[in-house]
Amino acid sequence: MNKSCPHCGLVFEREPGFFIGAMYVSYAFIVAIFITVALVLNYGFGDPDLWVYIFSVLGVVLIFLPLIVRYSRVLYLNGFGGIKYDKNL
């Protein structure tokens, strides 16, 4: 992640370790993926074995991991960093 915006120069990291809080947002994303995959497997595929649940959840999380990391940081920055979107910039 860039230290500052190349367009306007805004510093993204407010203090050292600021984005450690973003791991709680990514945890919420992973729990949502877990519940979604579990429900799809349970109702859509007739409750398969436990190993199918484990490997399916791990596979989906690994596929979406780059998006989870990026969007958890973006949501944390917008929620707690005091950054607001300005379309005029």
Side-chain angles (χ1 to χ4, degrees):
M1 184 169 181
N2 295 335
K3 295 285 183 189
S4 62
C5 177
H7 181 69
C8 66
L10 175 72
V11 177
F12 292 128
E13 191 166 354
R14 295 296 182 216
E15 58 191 31
F18 175 74
F19 287 112
I20 292 175
M23 75 179 164
Y24 296 110
V25 179
S26 67
Y27 176 75
F29 281 145
I30 291 173
V31 168
I33 288 173
F34 174 79
I35 291 171
T36 304
V37 169
L39 288 174
V40 166
L41 287 174
N42 191 19
Y43 293 115
F45 294 99
D47 194 21
D49 292 334
L50 178 63
W51 65 270
V52 175
Y53 283 101
I54 293 171
F55 287 116
S56 297
V57 168
L58 285 175
V60 172
V61 167
L62 287 176
I63 289 170
F64 287 111
L65 195 58
L67 294 174
I68 292 170
V69 171
R70 178 174 301 248
Y71 286 112
S72 65
R73 284 183 160 220
V74 168
L75 287 174
Y76 191 75
L77 183 62
N78 285 322
F80 298 106
I83 307 281
K84 301 296 180 209
Y85 176 71
D86 186 8
K87 65 179 179 180
N88 295 328
L89 288 178

If you look only at distance, which donor and acceptor atoms sit under 3.5 Å apart when one is on a side chain in residues 23-39 and the other is two or more places apart or in another chain?
unit_1, atom_1, unit_2, atom_2, d
S26, OG, M23, O, 2.8
T36, OG1, A32, O, 2.8

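- Both L41 and F64 are members of a single hydrophobic cluster when ILVMFWY side chains are connected at heavy-atom separations under 4.5 Å.
- The distance from atom CD1 of I20 to atom OH of Y76, rounded to the nearest 0.5 Å, is 9.0 Å.
- V60 and L58 are assigned to two separate hydrophobic clusters, defined by single-linkage of ILVMFWY side chains at heavy-atom distances under 4.5 Å.
- At a threshold of 4.5 Å between side-chain heavy atoms, the hydrophobic network of Ile, Leu, Val, Met, Phe, Trp and Tyr places W51 and L62 in two separate groups.
- L77 and Y71 fall within the same hydrophobic cluster, defined by Ile, Leu, Val, Met, Phe, Trp and Tyr side-chain heavy atoms under 4.5 Å apart, directly or through other members.
- Under the 4.5 Å side-chain heavy-atom criterion for Ile, Leu, Val, Met, Phe, Trp and Tyr, L67 and L65 are members of distinct hydrophobic clusters.
- The structure places OH of Y53 at 4.0 Å from CG of D47, a figure rounded to the nearest 0.5 Å.
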